[in-house]
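Below, read A as the first sequence line, B as the second, and so on, with proteins coming before strands; counting in each chain starts at 1.
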There are 2 protein chains.
Amino acid sequence: MNIKTVAARAGVSVATVSRVMSGSALVKPETTAHVRRVIEELQFIPSASATTLKTGHSRNYGVILPDITNPYFAEFIREFESLLEDQRQDVLLATTERPERMENSIRRMLTSQVEGVVILIADEEFGPNYDRLTLRKIPAVTIDRLTVAPMMSDVAFDFDTGMLQAVEHLAKFGHREIAFIGGIKGLATSDRRKQAFVKGMRACKLRAKKQWLLDGLYTVDSGDAAMRALMAAEVRPTAVITVNDMTALGAMRAAHELGFSVPGDVSIVGLDDIELTRVISPALTTIQLPRRELARACVECFAHMLKHPKKPGLQRILESRLVVRRSTGPAKR
Amino acid sequence: MNIKTVAARAGVSVATVSRVMSGSALVKPETTAHVRRVIEELQFIPSASATTLKTGHSRNYGVILPDITNPYFAEFIREFESLLEDQRQDVLLATTERPERMENSIRRMLTSQVEGVVILIADEEFGPNYDRLTLRKIPAVTIDRLTVAPMMSDVAFDFDTGMLQAVEHLAKFGHREIAFIGGIKGLATSDRRKQAFVKGMRACKLRAKKQWLLDGLYTVDSGDAAMRALMAAEVRPTAVITVNDMTALGAMRAAHELGFSVPGDVSIVGLDDIELTRVISPALTTIQLPRRELARACVECFAHMLKHPKKPGLQRILESRLVVRRSTGPAKR
DNA sequence: CTCCTTAATGTAATCGTTTTCATATTGCGT
DNA sequence: ACGCAATATGAAAACGATTACATTAAGGAG
């Protein structure tokens with residue numbers, strides 16, 4: 001079943017059918033109606049491969065991420081896909097747990113001739129993989145890398161605002177001993193979060209103790225381990241801010257298992273605002289990164305790059321803000 | 001950049017290049033090596049749309065699900081994608097929150113000419129949408145529907161085993177008053193879980209009280225609400241089994257917020273074994289549905305249907321089993 | 001040395017659309 | 001009634017791969 005069948009059945013040429021499908025104005029209304037009826041009757045659906053081959057547009061966008069199981073990514077995908085759906089575009093998924101597999105993911109994107117790629121992999125160097133994209137003029141959007149080039153945009157978060165709000169919030173509760181469980185040292189997105197914390201502390205005239213600036217792995221287990229380390233020391237923080245919500249979840253689990261009450265004994269602040277923050281108890285106070293705006297910013301970046309292939313990509317900054325829930329409370333004295 | 005460029009550069013015909021790419025044996029080893037070098041040098045990547053158009057194979061599989069944010073689905077996708085990757089296939093995602101959008105999702109799958117679709121939507125009637133798939137001989141796999149037809153397979157779970165283990169496990173702890181928080185009434189997958197529970201109770205010589213067989217929505221909030229209802233009654237169950245882990249999480253949250261300890265005051269058993277069961281505290285005892293085997297079964301079903309288009313699809317049943325963690329303990333007397 | 005088989009490569013048709021260009025039809029002014 | 005826009009449609013050439021068929025080269029048997 002193809003456009004020819006439809007044309008024959010409708011008694012018109014394939015060109016006319018094609019025009020009807022694309023909504024071209026050059027077709028007589030009656031013809032349009034008639035052809036539409038035949039299309040409906042035959043349940044005709046045009047072949048994407050033929051269309052793509054001819055037009056050069058695949059209507060596919062790729063997303064490369066380390067783990068779809070991580071709620072942060074899953075929630076992004078949901079928003080992104082919903083935006084694309086409105087534009088009748090599809091999303092192609094490539095999971096890349098380890099950076100070594102990046103080449104494979106990029107190849108899959110290239111063969112599928114995606115019209116853009118969102119790269120949600122943080123711990124990976126720019127390299128020949130990216131050249132392969134730009135070489136083919138495929139726009140890419142990275143997250144939180146702050147680097148921009150032709151056909152390469154970046155959307156980053158401003159952690160300062162949210163982090164300042166978080167520290168102020170804790171300070172208001174009387175907390176002075178605040179620890180930070182960070183992410184992977186050396187990763188831009190990780191270091192910037194830590195810096196934002198230090199900055200927030202300074203703004204509140206609090207000292208960020210060196211031994212309370214921990215590194216981690218963004219995972220529940222690493223949050224758990226870091227929390228145990230913090231609580232095992234002779235002098236313990238009364239509040240902890242974490243690099244992401246999963247880490248906070250781990251920290252909270254550790255606190256519970258060590259017999260500390262949250263927020264009675266320790267207050268905990270996360271970062272991301274994944275939906276899980278509301279399913280655990282106490283609900284997590286966290287610094288919200290707007291997921292929907294992130295997806296929207298990606299779409300904008302793609303539009304910009306497709307329009308101005310020679311110009312550098314966009315650099316968008318999204319605000320973060322504190323969402324207060326139940327995991328923070330007055331400092332124990 | 002296309003196959004012609006490569007052919008010209010290598011001084012051979014396009015046919016030879018094509019043969020080299022597909023690994024055909026009819027090419028002299030030296031020629032193969034030479035062409036390979038040129039392909040590498042030019043970073044040539046063949047156009048998927050052209051290949052698909054010509055061969056009729058898109059190397060794409062579709063997955064239609066209600067919400068990628070639900071860990072159960074996300075974990076399935078991860079396994080499924082990883083299996084497909086080995087076969088150099090891609091996954092196309094279509095999120096369908098409400099059944100009304102099913103038609104749209106199916107259309108997207110059809111235009112993309114997927115070679116198979118996994119349908120993870122439970123609350124939806126078979127209807128013209130499915131005819132559109134079978135009409136085009138596109139194999140589909142449904143989950144837990146127990147219906148099979150040509151080009152339609154189903155992989156279901158046997159809840160009986162796991163449920164029996166769960167009830168036995170609770171009974172051994174002295175529980176006699178066990179409630180069940182179910183899913184959406186009338187859904188096959190939901191009703192079968194409830195029946196398995198009742199059956200398990202009977203096998204253990206326990207009575208499943210009518211007022212302790214609740215319906216729900218598979219969500220955290222519905223688990224929360226159901227738990228509150230259970231605990232507000234004058235006579236309370238000492239253990240609760242839920243239709244899925246998200247419901248169990250909600251139940252656990254409600255218990256905590258009402259001041260009940262888990263498992264001190266109530267034991268809770270989930271179903272699914274999503275990764276979250278290990279991040280919350282206490283870690284959730286749950287009936288495990290093997291995610292990886294589910295993905296593998298889907299792949300097998302596709303293979304079968306592609307091989308035997310006329311025969312009815314496969315019906316695979318996967319076992320469930322109890323995984324004991326910390327949310328269950330001795331019954332309070 | 002010729003004939004025939006086998007191996008290696010090339011030629012060209014094809015997949016299902018879109019789109020340019022050509023053609024047919026219509027309406028309108030004079 | 002004629003010519004000329006404007007409008008509606010059709011014919012055919014792409015897009016980039018695959019593959020059936022044709023061709024050439026080489027090797028072996030008689």
Of all the nucleotides listed ([options]), which has the minimum atom distance to the side chain of [X]?
{"X": "A:Val12", "options": "C:dT18, D:dG10, C:dG10", "answer": "D:dG10"}
{"X": "B:Arg19", "options": "C:dT9, C:dT14, D:dA12", "answer": "C:dT9"}
{"X": "A:Ser13", "options": "D:dA17, C:dT17, D:dA11", "answer": "D:dA11"}
{"X": "B:Thr51", "options": "C:dT17, D:dA8, D:dT18", "answer": "D:dT18"}
{"X": "A:Thr55", "options": "D:dC15, D:dT18, C:dT19", "answer": "C:dT19"}
{"X": "A:Pro46", "options": "D:dA20, D:dA17, C:dT17", "answer": "C:dT17"}
{"X": "A:Ala15", "options": "D:dA13, C:dT9, D:dG10", "answer": "D:dG10"}
{"X": "B:Ile3", "options": "C:dG16, D:dT18, C:dG10", "answer": "D:dT18"}
{"X": "A:Lys28", "options": "C:dT20, D:dA8, C:dA12", "answer": "D:dA8"}
{"X": "A:Ser47", "options": "C:dT9, C:dT17, D:dG16", "answer": "C:dT17"}

Shortest non-hydrogen contact between A:Gln113 and A:Ser58, atoms and distance:
O-OG, 2.7 Å
If every non-hydrogen atom of B:Met305 is compared with every non-hydrogen atom of B:Gly313, which pair is closest and at what distance?
CG-CA, 4.1 Å
Whole-Å distance between [N] [atom2] and [X] [atom1]?
{"X": "A:Glu30", "N": "C:dT25", "atom1": "CD", "atom2": "C1'", "answer": "14 Å"}
{"X": "B:Asn2", "N": "D:dA14", "atom1": "CG", "atom2": "P", "answer": "14 Å"}
{"X": "B:Leu53", "N": "C:dC15", "atom1": "CG", "atom2": "P", "answer": "9 Å"}
{"X": "A:Lys54", "N": "D:dA12", "atom1": "NZ", "atom2": "C1'", "answer": "11 Å"}
{"X": "A:Arg59", "N": "C:dT17", "atom1": "CZ", "atom2": "P", "answer": "15 Å"}
{"X": "B:Leu26", "N": "D:dC21", "atom1": "CG", "atom2": "P", "answer": "15 Å"}
{"X": "A:Lys4", "N": "D:dA12", "atom1": "NZ", "atom2": "P", "answer": "12 Å"}
{"X": "B:His34", "N": "C:dT9", "atom1": "NE2", "atom2": "C1'", "answer": "15 Å"}

Whichever of A:Ser18 and B:Gly11 has its nearest DNA chain C nucleotide further upstream toward 5'
B:Gly11
Answer with base, sugar-phosphate or nothing: what part of the nucleic acid does A:Ser22 contact at a heavy-atom distance below 4.0 Å?
nothing
Hey, does B:Thr16 reach any base, or is it just sugar-phosphate, or nothing, if we go heavy atoms under 4.0 Å?
sugar-phosphate
Looking at B:Phe126, does the NZ or CZ of B:Arg145 lie under 6.0 angstrom from its six-membered ring centre and within 45 degrees of the ring axis?
yes
Can you find a heavy atom in the side chain of [X] that is under 4.5 Å from one in the side chain of [Y]?
{"X": "B:Ile3", "Y": "B:Thr5", "value": "no"}
{"X": "B:Arg292", "Y": "B:Glu75", "value": "no"}
{"X": "B:Phe76", "Y": "B:Leu294", "value": "yes"}

Does a side-chain N or O of B:Ser49 approach OP1 or OP2 of D:dC15 to a distance below 4.0 Å, or not?
no
